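For reference, the structure is listed below as C-alpha cells.
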Amino acid sequence: MAARTWLWLLLSPLILLLLHYALALLTARRARKNPLPPSPPALPFIGHLHLIGALPHVSLCRLATKHAPDLMFLRLGTSLPAILRTHDDVFASRPRTVLADIIFYGSRDIGFAPYGEDWRQARKLVNTHLLSVNKVQSLWLAREEEVKIVMEKISKAAFAREAVDIGQILCSFTNDLACRVVSRKLVGDDRQKKLLQELVNKTIKLLSIFNVEEYFSILARIGVIGKVMCARAERLKKKWDMLLKKLIADHESKCDPYLVCGRNKDDFVDILLSVRKEYGLTEEHVKAILEDVFIAGTQSSARVIEFTFAELMRKPHMLKKVQDEVRACIPNGQAIVSEVQVNNMTYLRAVVKEFMPERFVESVNGSATASVNFWVNNYQYLPFGSGRRMCLGMNFAMAVIEITLANLLWKFDWALPAHAMEVDMSEEFGLSVRLKEKLLLVPKQHV
Ligand code: HEM
Ligand SMILES: *[C@@H]1O[C@H](CO)[C@@H](O)[C@H](O)[C@H]1NC(C)=O
Ligand SMILES: *[C@@H]1O[C@H](CO)[C@@H](O)[C@H](O)[C@H]1NC(C)=O
Ligand SMILES: *[C@@H]1O[C@H](CO)[C@@H](O)[C@H](O)[C@H]1NC(C)=O
C-alpha cells in the first residue's frame, strides 16, 4: 500500500510532464495551420489562468511587457481567448455575459452591447445628444450646484474638526450629479437618489464577477455559479426596471409641474425620449442606456478624484504646488471656482492626467506624462480605452473631475488623521480600479 502510494507520487509529475508535452505538440501543430499571436507558456485545462493575479490589469500589463508588446494570445480557463491590444474591427464586441444580458435588457445598452447596428445607433445618439462637447459644457450649472453642496458638507466636517471619508463623499456627489442631469425630478428626491446609488453599487459588484464567470465558464454552464447569480441579477433588474419605468412615465405625462410652458425640456430622459424614434430605439434601449449612464458614469469619476487626493497626500510638494496655482488664479471674495478659471490651471489639469489610474489593460509601459493626449492612439496611456468602443463619457468625466478638484483644493487644506502614518495605496479590481482602504482626510477651511 505504502509502496504504491510512493510509486504514484513519483510517477504523477512524470505523467503530468508527458501530458504537457503532448499538449504542447498538439498546440504547436494546430498553431502552424492557424497562427496565433505569441503567448506565454500555458498549463493544460486552465490555460494562462494561473498567471492572472487578483489585479488583472497589473498581471496582464506585466505579461504583455514580457511576452509581446503588440499582441498577445491568452487562454483563460476554457473560455474564449482574450486578445489584448485588440484589432479593433475584429474584436469590437466584448464577451457577452449572461448577467449583463439580464440587467441590460438583453445587452441593449452601449457598454455590453454586441458590436452591431443597435450598438452603433445607441452610441451615436449618446455621442450626439447627451455627451457631446457642447452638451457637456452646457451642464456647467448642474456641476456647480452639486460642487456647492459637497463643499458645504465638507465645511461642516471642517468646522467640527472631523475626518471625512473622501471616497464616500465623492461617490454620493457623482451619483447626485448623474441624477441631476438625467432627471430634474430626482434633484430633491433623496430616497430615489439613495436607491439609485444602491442599485449602481450592487450592479457593479455583480458585474465584476463576470471575470470569474468567463474564466470558469464550464462551471457556469454546469450551473454551479450560474443559478445563484442569475437569480440575483433578475432581482436587481426588477428594481432597475421599476425605477426607470417611473422616470420615463413622469416625463411623458402631460401635466409636469416642473416644466414652465414646455421650456427646460433638456434633461437626459427628455432628450432620449425626443430622439429615440429617429434612432430606431425601443423603450428598453432607453432604459438600458440610462443604466449605462449611472453605472459607467458615477463611481469611475469619483475614484479618479479619490486616487488623485491619495497621490497628492503622498507627495506634499505637488499638493502645495497645485494649491498655490489654484489659489493664485482666484481673486479674494469669490464663492466658488468657475470652469473658465479651471482652464487656466495647467498644473492641476496635468496632475489629474498623470494620476488617472488605468482601468483596463492596454498599457505596456505605465509611465504617463502630462503632455499625453487622450485622443491620440497612444498605447502607453489609455485610461478611457481606445478605438470604436472608447469611453463615451470622457468629456463629462474630465469636466467633473477638474472642477471638483479645483474647488476642494482651493477651499480646504487637507491632512491625514493624527493616527494615520501614510496613505495605503493598495488597489482592488472590479469594473474600475479603486483603493482598497478608505481614504480618511481632515479638511481645514482655507477661504
Ligand atoms: C474617469 C472616468 C471614466 C473612465 C476612466 C472611463 C473609462 C472607460 C473605459 C476604459 C471604457 C472601455 C473602452 C474600451 O473598451 O476601449 C469605457 C467605456 C464606456 N464609458 Fe467610460 N469612463 C469614465 C467615465 C464615464 C462617464 C462619466 C460615462 C457616461 C456618463 C461613461 C460612459 C461609458 C460608456 C457608455 C462606455 C461604453 C462605450 C462602448 O462600449 O461603445 N464613462 N469607459
Ligand atoms: C455605494 O458604494 C459607495 C462606495 O463604495 C459607498 O460609499 C456608498 O455608501 C454606497 N451606497 C449605498 C447606498 O449602498
Ligand atoms: C487666465 O490667465 C490669463 C493669463 O495669466 C489671464 O489674462 C486671464 O484673465 C485668465 N483667465 C481667467 C478666466 O482667469
Ligand atoms: C518603457 O519606458 C522606459 C523608460 O521610459 C524605456 O526605457 C523602455 O524602453 C520602455 N519600454 C517599452 C516596452 O516601451
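In what follows, residues are counted from 1 in the order of the sequence shown. Values below: every heavy atom of this structure, side chains too, minus hydrogens, waters and symmetry copies. Note that ligands are numbered from 1 as they come in the structure, with each ligand's atoms numbered from 1 the same way. Remember, it's a predicted structure, so these values are computed and weren't measured experimentally.
Below 4.0 Å from some heavy atom of R123 lie the following atoms of ligand 1, by number and element: 38 (C), 39 (C), 41 (O). Which parts of ligand 1 touch V304 is read off a 4.0 Å heavy-atom cut-off, strictly below it: atoms 1 (C). For ligand 1, the atoms sitting less than 4.0 Å from at least one non-hydrogen atom of A397 are 1 (C), 2 (C), 24 (C), numbered in the order shown with element in parentheses. Atoms of ligand 2 found under 4.0 Å from any heavy atom of N201 (numbered from 1 in listed order, with element): 1 (C), 2 (O), 3 (C), 8 (C), 10 (C), 11 (N), 12 (C), 14 (O). Annotation for ligand 2: atoms under 4.0 Å from non-hydrogen atoms of Q168 are 7 (O), 9 (O). Heavy-atom proximity to F396, at under 4.0 Å, picks out these atoms of ligand 1: 27 (C).
Qualifying side-chain hydrogen bond (donor to acceptor under 3.5 Å, both in side chains) partners for N127, counting only residues two or more places apart in sequence or in other chains: none.
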Applying ring-ring contact (aromatic ring centres under 6.0 Å, His included) to F104 and F112, what does each step give before you reach the verdict? CA-CA 8 Å; F104 297 100; F112 286 95; 5.3 Å; yes
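Inspection of the Y105 and D241 side chains reveals an N or O donor paired with an N or O acceptor under 3.5 Å. With 3.5 Å as the limit, one finds no donor-acceptor pair spanning the side chains of Q299 and T174. H285 and D109 share no donor-acceptor pair across their side chains, judged by distance under 3.5 Å alone.
Contacts between F384 and ligand 1 below 4.0 angstrom, taking non-hydrogen atoms only, involve backbone and side chain alike. When non-hydrogen atoms are compared, ligand 2 lies under 4.0 Å from neither the backbone nor the side chain of E306. Under 4.0 Å from ligand 1, heavy atoms of I110 appear from its side chain as well as its backbone. No part of R303 comes within 4.0 Å of ligand 1, judged by heavy-atom distances.
Note: Y279 and H129 have perpendicular aromatic rings, judged against thresholds of 30 and 60 degrees for the angle between ring planes.
A side-chain contact (heavy atoms from CB on, under 4.5 Å) with N407 is found for one member of I336, V342, I330 and no other, namely I336.
Residue R303 places a heavy atom less than 4.0 Å from ligand 2. For W119, the closest heavy-atom approach to ligand 1 falls below 4.0 Å.
Residue nearest to atom 2 (C) of ligand 1, selected from S300, A113, A296, A399: S300 (by heavy-atom distance). Remark: among candidates L131, D109, I401, the nearest residue to atom 29 (C) of ligand 1 is L131, based on non-hydrogen atoms. If you check each of C391, A302, G297 against atom 27 (C) of ligand 1, the one with the closest non-hydrogen atom is G297.
Polar contact check, R388 against ligand 1: no nitrogen or oxygen pair lies under 3.5 Å apart. Taking any N or O of K194, backbone or side chain, none lies under 3.5 Å from an N or O belonging to ligand 2.
Counting only heavy atoms from C-beta outward, the side chains of C329 and W410 never approach each other to under 4.5 Å.
A salt bridge does not link K237 with E234: none of the charged nitrogens is closer than 4.0 Å to a carboxylate oxygen.
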Could you give the side-chain donor-acceptor pairs of residues 139-147 under 3.5 Å, partners two or more places apart or in another chain?
residue: R143; atom: NE; partner: E339; partner atom: OE2; Å: 2.6
residue: R143; atom: NH1; partner: V136; partner atom: O; Å: 3.0
residue: R143; atom: NH2; partner: V136; partner atom: O; Å: 2.9
residue: R143; atom: NH2; partner: E339; partner atom: OE1; Å: 3.0
residue: R143; atom: NH2; partner: E339; partner atom: OE2; Å: 3.4
residue: E146; atom: OE2; partner: R180; partner atom: NE; Å: 2.8
residue: E146; atom: OE2; partner: R180; partner atom: NH2; Å: 3.1

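In this structure, K321 satisfies the cation-pi test against Y347, with its NZ or CZ atom closer than 6.0 Å to the six-membered ring centre and inside 45 degrees of the ring normal.
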